[in-house]
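Predicted model only: the values in this text are computed from it and were never measured.
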Amino acid sequence: MSITRIPTRYLIVILTFFCTCVCYIERVGFSIAYTVAADASGVSQSSKGTILSTFYYGYALSQVPGGWAAQKIGGRRVLLLSFILWSLTSALVPLDPNRVITLVIARLLVGIAQGFIFPSIHTVLAQWVPPHERSRSVSLTTSGMYLGAAMGMLLLPTLVKFKGPQSVFLAEAFLGGLWSILWFKFASDPPRSNHPKAAASGFGEVLLPVKDGQRTKNEKVSQIPWRKIFFSLPVWAIVVNNFTFHYALYVLMNWLPTYFELGLKSSLQEMGSSKMMPYLNMFLFSNIGGVIADHVITKKIMSVTKARKLLNSVGFVVASVALIGIPYFRTVNGVVVCSSLALGFLALGRAGFAVNHMDIAPRYAGIVMGVSNTAGTLAGIIGVGLTGQLLESAKIMDSELSSPESWRAVFFIPGLLCVLSSVVFLLFSTGERIFD
């Protein structure tokens, strides 16, 4: 079947899926390539934490501007420009741990560029995807993150081994450029004249940016309700859970390779396909959560509010137990199982909080996503940097960081946050639309 015969909204979802996949190949790839180069140069754990967390400073700065830009000029255009910027940066920057300023600037630029991506995606999906398809559409799109991370963990260590760390940057830039071409060719905005029911359904033409010349005399300029957004308890429920999700994800993404190398004395190159299992599990559970949520909502087994709260609570509580259990397992297989459970059920929980933007604010989904993802990015800054400091302190008692005690605080903190966040979501979230 010709790609042009696929319904456009499905094509948009497929392209955004590959978008998140490529983005997370880049993030995992930098962690792997930089860790190898930094260890070869004798860089300290705290210095590694600083460089690894630099990306998130740029990422945090551009989340809310990304939502605003997507709202004003269109998520499709912003998404393309963001991809081109980070791809060019990856292609042109040398990976040299001793050129700290160059790396810091490069990671800031990549972070700023990628910070526009997820608010833009949510804006595009809110325009194209009807309410009864949102859970599985968002789950499929975000599951690309986990498949990308899994592919990165599986393939990139081998690429580093045979071609060196710099080859990872070039491979990532190639993938970014390829996706940009596909998005430019096949993505589009919903035609305004083809969506007469958009206003009632909460998607489509009413969510598109409107140029001054296209407004009618009676049409009011849409004002973003910033005050209402920042003082909304349901928004803060999303924000808190986004923070916790990304704290756990970024700590595992950036430090799990170090835990395997130092804590378990196991080389990533020798682990085979097992090192991709945590992220593959996220890919599977994310889509399972989306299908379950849409099923129970469409069949009216549960209200939107109850479905979101149930999936969020189950995901975060099980993830909490698995995270706290990681340092108690002293084998590679045990840690792979625990981290797979933790990340898998966190991904299941995304069918709760991560789709909730579109439930409560379909018109401003990109804005609310930008606000909540800023919190998620701050979690990366805090979590990745704090973990480096915790491990540096643990080296006083255990210079090789091989004992379980050196790592317990690293995994206990996100485990505790998961429990607290699930309580906040139970108390304050809603599945009802609260922003007109």
query: Is there side-chain contact between Tyr328 and Phe411, with at least one heavy-atom pair below 4.5 Å?
result: no
query: Any idea which heavy atoms bring Gly383 and Tyr247 closest together, and the distance?
result: CA-CE1, 3.4 Å
task: Could you grab the distance from atom CH2 of Trp128 to atom CG of Asp189, nearest 0.5 Å is fine?
output: 8.0 Å
Lys163 side chain reached by Leu170 side chain, heavy atoms, under 4.5 Å: no
- prompt: Are Phe186 and Trp183 close enough that their ring centres sit under 6.0 Å apart?
  reply: no
message: Has Thr89 got a side-chain atom pairing as donor or acceptor with Ala106's backbone, closer than 3.5 angstrom?
response: no
message: Assess whether a salt bridge exists between Arg308 and Glu432, defined as any Lys/Arg side-chain N lying under 4.0 Å from an Asp/Glu carboxylate O.
response: no
query: Looking at side-chain heavy atoms only, is the closest gap between Val104 and Ile51 below 4.5 Å?
result: yes
message: Please determine whether side-chain contact (heavy atoms from CB on, under 4.5 Å) holds for the pair Leu249 and Met282, giving the CA-CA distance in whole Å, both sets of side-chain angles, and the decisive distance to 0.1 Å.
response: CA-CA 10 Å; Leu249 175 62; Met282 290 191 87; 3.9 Å; yes
query: Does Trp236 reach the main-chain N or O of Phe230 with its side chain, forming a donor-acceptor pair under 3.5 Å?
result: yes
- prompt: With distance as the sole test, does His295 use its side chain to make a donor-acceptor pair with the main-chain N or O of Val291 at under 3.5 Å?
  reply: no
query: Are Phe260 and Val332 close enough that some pair of their side-chain heavy atoms sits under 4.5 Å apart?
result: yes
- line: Minimal heavy-atom distance between Ala375 and Val239, with the atoms involved, is CB-CG1, 3.4 Å
query: Taking the six-membered ring for Trp, are the ring centroids of Phe285 and Phe345 within less than 6.0 Å of each other?
result: yes
Interatomic spacing from CG in Leu81 to CD1 in Ile73 - rounded to 0.5 Å: 7.0 Å
query: Between Gln63 and Gly115, is there a donor-acceptor pair closer than 3.5 Å when you use the side chain of the first and the backbone of the second?
result: yes
- prompt: Centre of Phe55's six-membered ring, under 6.0 Å away, within 45 degrees of the axis: is that where NZ or CZ of Arg27 sits?
  reply: no
Separation between OG1 of Thr258 and CG of Leu52, rounded to the nearest 0.5 Å: 7.5 Å
- request: Would you check if Lys228 and Tyr364 make a side-chain contact, meaning some heavy-atom pair closer than 4.5 Å?
  value: no
- request: Please state whether the rings of Tyr56 and Tyr250 are parallel, tilted or perpendicular, taking 30° and 60° as the class boundaries.
  value: tilted
query: Looking at side-chain heavy atoms only, is the closest gap between Leu95 and Val168 below 4.5 Å?
result: no
- prompt: Below 4.5 Å, heavy atoms only, C-beta onward: do Leu252 and Leu323 meet side chain to side chain?
  reply: yes
- request: Using the ring-ring contact (aromatic ring centres under 6.0 Å, His included) rule, pick out the option among Tyr259, Phe329, Phe412, Trp255 that qualifies with Trp407.
  value: Tyr259
- request: Could you pull out the closest heavy-atom pair between Asn312 and Ser422, with the gap in Å?
  value: ND2-CA, 4.3 Å
query: Is the centre of the Phe245 ring less than 6.0 Å from the centre of the Phe353 ring?
result: yes
query: Can you tell me if Thr374 uses its side chain to pair, donor with acceptor, with the backbone of Gly370 under 3.5 Å?
result: yes
field: Shortest non-hydrogen separation from Leu154 to Thr158 and the atoms involved
entry: O-OG1, 4.2 Å
field: Phe435 and Val235, any side-chain heavy atoms less than 4.5 Å apart
entry: yes
query: Please walk me through it: do Phe83 and Trp179 pass ring-ring contact (aromatic ring centres under 6.0 Å, His included)?
result: CA-CA 8 Å; Phe83 240 78; Trp179 184 89; 4.3 Å; yes
- prompt: Between Phe17 and Phe283, what is the ring plane arrangement, given parallel below 30°, perpendicular above 60°, and tilted in between?
  reply: tilted
- line: Rounded to the nearest 0.5 angstrom, the CG-OG distance for Leu416 and Ser421 is 9.0 Å
Spacing of Thr123 atom OG1 and Phe116 atom CZ [to the nearest 0.5 Å]: 12.0 Å
statement: For Arg408, the salt bridge (Lys or Arg N to Asp or Glu O under 4.0 Å) test, sequence neighbours excluded, returns Glu405
message: I'd like to know if the side chain of Ser313 reaches the main chain of Leu310, judged simply by a donor and an acceptor atom lying under 3.5 Å from each other, with no hydrogens or angles considered.
response: no
Intermediate values then yes/no, side-chain contact (heavy atoms from CB on, under 4.5 Å), Tyr146 and Leu343: CA-CA 9 Å; Tyr146 321 131; Leu343 292 178; over 6 Å; no
task: Check step by step if side-chain contact (heavy atoms from CB on, under 4.5 Å) holds for His246 and Asn373.
output: CA-CA 9 Å; His246 285 96; Asn373 228 27; 3.6 Å; yes
field: Taking every non-hydrogen atom, the tightest pair across Thr244 and Pro414
entry: CG2-O, 4.5 Å
- prompt: How many angstroms lie between CG in Leu233 and CD1 in Ile434, if you round to the nearest 0.5 Å?
  reply: 9.0 Å
- prompt: When you measure from the side chain of Thr305 to the backbone N and O of Gly431, does any donor-acceptor pair fall under 3.5 Å?
  reply: yes
query: Judged by atom type as modelled, is there a donor-acceptor pair below 3.5 Å linking the side chain of Asn242 to the main-chain atoms of Ala354?
result: no
message: Quick one: does any side-chain atom of Ser429 pair with a main-chain N or O of Leu426 as donor and acceptor, under 3.5 Å?
response: no
- request: Over all heavy atoms of both residues, which pair between Ala173 and Ala91 is shortest? Give the atoms and the distance, please.
  value: CB-CB, 3.6 Å
- request: Kindly indicate, with the supporting measurements, whether the criterion side chain to side chain donor-acceptor pair (under 3.5 Å) is fulfilled by Ser143 and Ser286.
  value: CA-CA 6 Å; Ser143 72; Ser286 178; 4.9 Å; no
- request: Evaluate the criterion side chain to side chain donor-acceptor pair (under 3.5 Å) for residue pair Ser340 and Asn281; output intermediate values, then yes/no.
  value: CA-CA 6 Å; Ser340 296; Asn281 219 36; 5.0 Å; no
- request: Apply side-chain contact (heavy atoms from CB on, under 4.5 Å) to the pair Leu156 and Ile25, showing each step before the final yes or no.
  value: CA-CA 9 Å; Leu156 295 182; Ile25 289 175; 4.3 Å; yes
